[in-house]
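Right, one structure below, let's go through it.
The basis for the numbers below is simple: all heavy atoms, side chains too, and nothing from hydrogens, waters or symmetry mates.
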Amino acid sequence: MKTESSIPYYIEEITILDVQKALETGAITSVELTKQYLDRIASFDPTLCSIREINPDALEIAADLDEKRKEFQQVGPLYGIPVIIKDNIDTNDSMATTAGSIALEHNFAKEDAFIVKKLREAGAVIIGKANLSEFANFITELHMPNGYSSLGGQVMNPYGPGVWDVGGSSSGTGASIAANFAVVGIGTETSGSILSPASNNSLVGIKPTLGLVSRTGIIPLAHSQDTAGPMTRTVRDAAILLGIIAGVDEKDEVTKTSIGQPSDYTAFLKTDGLQGKRIGIDRSFFPEEEEEVALFQKAMEELTKQGAVLLDVTIPHEKFDSIVLYHEFKYGIDNYLHKLSEEVPVHSLSEVIEFNKKHPDLIKFGQTILEYCETLNGDLEDAKYKEHRETDVRLSTTEGIDITMKENQLDALVFAKYLGCVLPAKAGYPSITVPAGYTPKGKPMGITFSGLAYSEPSLIEMAYSYEQATKHRVPPVLDKGN
């Protein structure tokens, strides 16, 4: 798809506030802005394979928003702004929701996901759906690369296509926002799936507290850990987007735990947000590559310069072979598939497995995880499952993060890249990744701040302070390819 913008506007690295100012002053319209992003996607995404599907209604939606803007004295920050969402989030429109699976190619949702309703209410233009690691990277253990899906192909890292790992499973959201294919994006995480591609693509990624953001209408992996979250180029944009998608959903009981949380996270954008903060660092989570270790050591120096107090800590993290994710996936995916229309050829996990067997050329890394999950009963009252879930929570909270933070009086933990993501994920605790620079060869790396439940305000303070003091992010140089 090739379009022409009537007014040239420099869209690379623009922020929500930049765009809103341009839209308000008439420097550009939402239609023109959307056209420029569509042009950019058409030019550069064939190399990156980050977008699974363009929204054919995007320009029409943008035009409608432009007309309505004339009637409003004031609009919200996301009004008329193009957004990319991960392709495991339901949209009631002409785009399918597939999780990257060929079996779900014709899955057209009957209702928007709760967070999609929130985005539309805010005036966002959902310009397309991002490719991802198939079924949120929960299909096989046979070395499938991050960012591969049977339907969408292989997502590439814009900083080094075919060289650097793009991260996953929100691979397409990470690559597309890094490549400036939209203003902001939405990813989802069960364990590292926002933080990993954020770190690998020099982005800001927020994995919210479980309960802050609704899970309704998102293809499930494991309900005790699943959450959607912002993936952006700046902490401010992530804070704005988080405030828009957060909120209580009557269909998702866990969101009631978020009652009383802030509605505007931009109030916590403080340049002195690291001053006096006590931050724990567990050196057992250091990267293996020397160049990345050097970057993290530089990051620690930068944190100290901004007034943070760094303490060496040891987070208890007993290795436990949990079945929780597998058991909950069996339960969740069967429930999701069972409700799909007859136009979709699969309505259970067993049918997905059989469908995939007919396409070994595309399911080329196998489906060992799917096949293992099918051997489980998916009963949430199952004694072994309940025992494992209780153990996961205990080891990650009271005997893991909680005790470490309490004994050391910490405000946060900080990890290189996303290496400590498993414990906060099991605990349902929040994390935020921020760009921390590049190796001499140009490989991006972030650092991740993690804290206790609903500590997003404090984490945003620290992340913003670090970002503003360092300004590490540099956009990738893109190649149009063939």
Side-chain angles (χ1 to χ4, degrees), residues 55 57 61 76-79 81-99 104 107-130 132 135-136 169-170 173 182 184-190 193-194 205-232 238-265 328-329 331-333 335-341 428 430 453-454 456:
N55 185 356
D57 304 320
I61 292 167
L78 211 60
Y79 192 92
I81 286 182
V83 176
I84 288 169
I85 66 173
K86 189 176 179 180
D87 186 24
N88 60 349
I89 303 172
D90 283 345
T91 53
N92 181 20
D93 52 23
S94 53
M95 292 186 290
T97 304
T98 73
L104 298 180
N107 174 33
F108 295 94
K110 298 174 184 177
E111 187 177 0
D112 281 338
F114 183 83
I115 63 169
V116 171
K117 291 177 184 177
K118 300 272 281 184
L119 290 170
R120 294 198 202 277
E121 288 168 3
V125 179
I126 299 175
I127 197 171
K129 287 194 171 181
L132 68 159
F135 280 118
S169 65
S170 303
T173 309
V184 293
I186 300 287
T188 67
E189 172 155 331
T190 307
S193 288
I194 288 173
I206 298 180
K207 196 288 282 189
T209 301
L210 188 78
L212 186 60
V213 176
S214 169
R215 301 164 296 182
T216 302
I218 299 174
I219 296 178
L221 194 165
H223 62 264
S224 66
Q225 296 183 202
D226 289 348
T227 183
M231 298 182 71
T232 64
I240 292 171
L241 191 54
L242 181 62
I244 288 169
I245 64 172
V248 175
D249 171 15
E250 294 300 324
K251 294 182 180 179
D252 187 354
E253 189 72 18
V254 74
T255 60
K256 292 179 181 178
T257 65
S258 71
I259 292 173
Q261 295 302 314
S263 58
D264 179 8
Y265 287 91
E328 291 187 4
F329 180 77
Y331 165 81
I333 200 66
N335 277 353
Y336 180 89
L337 295 172
H338 177 71
K339 300 171 185 175
L340 302 186
S341 74
Y454 293 114
E456 280 87 350

Can you tell if the side chain of [X] reaches within under 4.5 Å of the side chain of [Y], non-hydrogen atoms only?
| X | Y | result |
| --- | --- | --- |
| Leu340 | Leu104 | yes |
| Phe114 | Lys251 | no |
| Ser258 | Val248 | yes |
| Leu241 | Leu78 | yes |
| Ile219 | Asp87 | no |
| Pro230 | Val184 | no |
| Leu119 | Ile245 | yes |
| Tyr336 | Thr97 | yes |

Please answer whether the main-chain N or O of [Y] pairs with a side-chain N or O of [X] as donor and acceptor at a distance below 3.5 Å.
| X | Y | result |
| --- | --- | --- |
| Ser214 | Thr216 | yes |
| Ser170 | Ser193 | yes |
| Thr209 | Ala453 | no |
| Glu328 | Ser224 | yes |
| Asp112 | Asn92 | yes |
| Lys207 | Gly229 | no |
| Asn55 | Ile126 | yes |
| Lys118 | Ala246 | yes |

Atom [atom1] in [X], atom [atom2] in [Y]: separation rounded to 0.5 Å?
| X | Y | atom1 | atom2 | answer |
| --- | --- | --- | --- | --- |
| Lys129 | Ile84 | NZ | CD1 | 13.0 Å |
| Tyr265 | Ile244 | OH | CD1 | 12.5 Å |
| Leu210 | His223 | CG | NE2 | 9.0 Å |

Assess the side chains of Lys86 and Thr188: does a donor N or O sit below 3.5 Å from an acceptor N or O? yes

What do the steps show when you test Thr91 against Ile85 for side chain to side chain contact (heavy atoms under 4.5 Å, CB included), and what is the final call? CA-CA 10 Å; Thr91 53; Ile85 66 173; 3.6 Å; yes

Apply side chain to side chain contact (heavy atoms under 4.5 Å, CB included) to residues Thr232 and Ile240 and explain how you reach the verdict. CA-CA 10 Å; Thr232 64; Ile240 292 171; over 6 Å; no

Ion pair check, [X] and [Y], cut-off under 4.0 Å:
| X | Y | value |
| --- | --- | --- |
| Lys117 | Asp249 | no |
| Asp252 | Arg215 | yes |
| Glu111 | Lys339 | no |

Quick check: closest heavy atoms across [X] and [Y], and the distance to 0.1 Å?
| X | Y | answer |
| --- | --- | --- |
| Ala99 | Leu132 | C-CD2, 3.6 Å |
| Pro82 | Ala182 | O-CB, 3.7 Å |
| Gly211 | Thr257 | CA-OG1, 4.1 Å |
| Ala130 | Thr173 | CB-N, 3.4 Å |
| Asp93 | Arg120 | OD2-NH2, 3.1 Å |
| Ser341 | Lys110 | CB-CE, 4.4 Å |

The test is side chain to side chain contact (heavy atoms under 4.5 Å, CB included); show your working for Glu250 and Lys256 and say whether it passes. CA-CA 8 Å; Glu250 294 300 324; Lys256 292 179 181 178; 3.7 Å; yes

Please report the C-alpha distance between Phe135 and Ile333 in whole Å, then the side-chain angles of each, then the deciding distance to 0.1 Å, and finally whether the side chain to side chain contact (heavy atoms under 4.5 Å, CB included) criterion is met. CA-CA 10 Å; Phe135 280 118; Ile333 200 66; 4.0 Å; yes

